[in-house]
Amino acid sequence: MPSPLLAVAGGRNDEIPVRRGPWVERGRSALLVLSSFAGGLALLFLVLEQRPGGAWRVLDICVGAVASLVLLVRYRAPVAVGLVLAVAGAFCATAGVANYVALFAVARTRRTEQAFVVALADVAGGLVFWLLYPANSALSLTVVVNTAIALAVVAWGALRQKQQDLVAVYRDRAARIEREREQRAERIQMAERARIARDMHDSVAHYISLIALYAGGLAVAGDDAEDVGATAETIRTTAISALDELRTVIGILRDGTVVTPQGSEHEHTVAGLIDEARQAGQLIVARLDLPDNSGNTGGATALRESPNAEHVYRVVQEGLTNARKHAPGALVTVHVRGEGSDALIAITNPIEEGESALPGTGAGLSGLVERIAAVGGVVEHEVVDRGENTHEFRLSARVPLR
């Protein structure tokens with residue numbers, strides 16, 4: 001049975017979701033049903049030369065109307081709907097469009113093999129219709145036309161299915177890439193926040209230990225008002241610096257904004273750090289043997305020009321801070337020297353048995369190990385027994401300067 005080309009295929013309920021209002025969906029469904037029924041009526045009255053008459057014509061029209069309405073559930077059970085409408089199309093001319101719309105739904109949602117089974121049923125239904133009304137066309141023409149239409153509908157539906165699958169793959173891939181990008185950005189942000197928090201921990205611990213050292217000096221200053229006033233002023237300025245550092249890190253960790261604190265460690269030097277500790281009363285023997293660009297030993301130039309100067313500074317800062325915490329009043333030895341493209345740092349101080357002057361959690365050393373390892377360096381620390389109930393704490397590090 002010849003059938004006109006399908007102009008309306010309708011949407012599918014399980015395709016990639018597109019936001020449409022309920023009235024839009026209802027309108028599309030109504031248009032599909034009316035178009036299918038109109039196509040069946042056109043086939044009955046305009047295309048066929050031999051058509052059913054009398055009560056059979058009324059029955060044909062009624063079956064065509066029901067077949068068009070069945071298309072509303074074509075995506076819930078596409079194969080079953082396709083086979084039922086193929087049978088209806090074998091006996092009723094007005095179902096001759098609805099059966100191919102159902103075939104398109106099968107080709108678009110199911111495997112190609114299943115679509116070919118339904119297509120074969122439609123071609124067989126066309127042969128049955130030719131047996132009922134052979135005057136419409138020759139058998140060969142009926143077979144060729146119905147086969148061509150069925151193959152075209154299957155190919156169209158399969159192509160739409162492949163396109164839909166490809167779009168779904170691309171959409172999933174884009175969503176996955178976006179999720180990975182967000183996760184990567186979050187990891188970077190968390191790592192940066194942790195780095196800044198670690199820097200602030202080092203700085204605040206440094207300032208607090210200095211305050212403790214100054215306070216100890218204030219306690220033995222006696223009645224010298226000038227010394228007491230100078231020490232008190234130093235304590236005040238050091239406390240303000242510590243509060244500024246603490247305020248910065250709290251702000252960073254509270255709102256998640258990653259910023260570089262003003263007065264970064266890049267503006268400081270190892271020599272300045274040692275002088276500051278000496279002014280606070282810490283006993284330090286220091287030696288800087290880093291070669292500069294001319295080959296002479298003068299550590300300031302080499303450290304200032306190195307991208308890893310910050311890390312050398314932090315190692316020395318942590319060593320001095322630990323000495324003030326755990327060995328107040330003890331002599332600290334600091335040796336920074338160059339070896340090839342690396343800076344070797346060795347800090348030692350004696351420690352005594354008993355409770356430390358200031359509490360510590362070990363977070364500074366663990367953070368220092370992580371920081372230096374991130375730039376390809378190594379940090380080691382140990383307590384060495386020197387005999388006679390004395391021990392020595394040794395902190396050593398190798399930091400690449402380039």
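- Here the side chains of Gln317 and Val315 are not in contact, with every heavy-atom distance at 4.5 Å or above.
- Taking all atoms of both residues into account, the shortest heavy-atom contact from Ala327 to Ile351 is CB-CG2, 4.2 Å.
- For the residue pair Asn146/Tyr100, the side-chain donor-acceptor check at 3.5 Å is satisfied.
- In this structure, the side chain of Arg278 engages the main chain of Ile284 through a donor-acceptor pair within 3.5 Å.
- Here Gln50 contributes atom CD and Trp130 contributes atom CH2; the two are 10.5 Å apart, rounded to the nearest 0.5 Å.
- Closest approach of Asp60 to Ala93, counting heavy atoms only: OD2-N, 2.7 Å.
- Applying the side-chain hydrogen bond (donor to acceptor under 3.5 Å, both in side chains) rule to Glu392 yields the partners Arg386, Arg394; only residues at least two apart in sequence or on another chain are considered.
- Evaluated for a side chain to side chain contact (heavy atoms under 4.5 Å, CB included) with Leu395, the options Thr348, Leu320, Val379 yield exactly one hit, Val379.
- Between Arg108 and Pro78, the closest side-chain pair of non-hydrogen atoms is not below 4.5 Å.
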Would Val285 and Val332 count as a side chain to side chain contact (heavy atoms under 4.5 Å, CB included) if you check the C-alpha gap in whole Å, the side-chain angles of each, and the deciding distance to 0.1 Å? CA-CA 6 Å; Val285 175; Val332 183; over 6 Å; no
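- Here the closest heavy-atom approach between residue Val63 and residue Ala88 is recorded as CG1-CB, 4.2 Å.
- Put simply, the side chain of Tyr133 reaches to within 4.5 Å of the side chain of Pro52, judged on heavy atoms.
- Side-chain contact between Val316 and Val336 is present, with heavy atoms from C-beta onward closer than 4.5 Å.
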Apply the test side chain to side chain contact (heavy atoms under 4.5 Å, CB included) to residues Thr333 and Arg287: give CA-CA distance (whole Å), side-chain angles for both, the deciding distance (0.1 Å), then the verdict. CA-CA 8 Å; Thr333 302; Arg287 181 180 177 184; over 6 Å; no
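- Among residues two or more places apart in sequence or in another chain, the side-chain hydrogen bond (donor to acceptor under 3.5 Å, both in side chains) test is passed with Arg176 by none.
- Between the CD atom in Glu276 and the OG1 atom in Thr269 there is a gap of 10.0 Å [rounded to 0.5 Å].
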Apply the test side chain to side chain contact (heavy atoms under 4.5 Å, CB included) to residues Val117 and Glu113: give CA-CA distance (whole Å), side-chain angles for both, the deciding distance (0.1 Å), then the verdict. CA-CA 6 Å; Val117 170; Glu113 295 81 358; 5.8 Å; no
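- Of all the heavy atoms in Ala119 and Ala150, the pair that sits closest is CB-CB, 3.9 Å.
- In this view, Asn349 satisfies the side-chain hydrogen bond (donor to acceptor under 3.5 Å, both in side chains) rule with no residue, not counting sequence neighbours.
- At a threshold of 4.5 Å between non-hydrogen side-chain atoms, the residues Leu139 and Leu127 count as touching.
- Summarising the geometry of Ala90 relative to Leu132, their closest heavy-atom pair is O-CD1, 3.9 Å, with the distance given to 0.1 Å.
- Atoms CZ and CG, from Arg74 and Leu72 in turn, are 7.5 Å apart once rounded to the nearest 0.5 Å.
- Comment: Glu339 engages Arg337 in a salt bridge, judged by a side-chain N to carboxylate O separation of less than 4.0 angstrom.
- If you take CG on Asn136 and CZ on Phe129, they are separated by 6.0 Å, rounding to the nearest 0.5 Å.
- In this structure the side chain of Leu43 never reaches within 4.5 angstrom of the side chain of Thr94, judged on heavy atoms.
- No side-chain heavy atom of Leu401 sits under 4.5 Å from any side-chain heavy atom of Ser341.
- With sequence neighbours excluded, no residue forms a ring-ring contact (aromatic ring centres under 6.0 Å, His included) with Phe45.
- Contact between Ala102 and Gly82 at its shortest, heavy atoms only, is CB-CA, 3.8 Å.
- In terms of the side-chain hydrogen bond (donor to acceptor under 3.5 Å, both in side chains) criterion, Glu380 has no residue partners (sequence neighbours excluded).
- Between Arg160 and Phe104, the closest side-chain pair of non-hydrogen atoms falls below 4.5 Å.
- A search for side-chain contact (heavy atoms from CB on, under 4.5 Å) contacts involving Ala77 returns Ala80, not counting sequence neighbours.
- Atoms NE2 and CG, on His391 and Asp385 in that order, are 4.0 Å from each other to the nearest 0.5 Å.
- Salt bridge present: Arg181 and Glu178 bring a charged side-chain N and a carboxylate O closer than 4.0 Å.
- Note: Leu71 CG to Leu32 CG = 5.5 Å, rounded to the nearest 0.5 Å.
- For the residue pair Glu318/Asn322, the side-chain donor-acceptor check at 3.5 Å is satisfied.
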Do Val399 and Asp342 pass the side chain to side chain contact (heavy atoms under 4.5 Å, CB included) test, and can you show the C-alpha distance, the side-chain angles, and the key distance before you say yes or no? CA-CA 5 Å; Val399 180; Asp342 297 335; over 6 Å; no
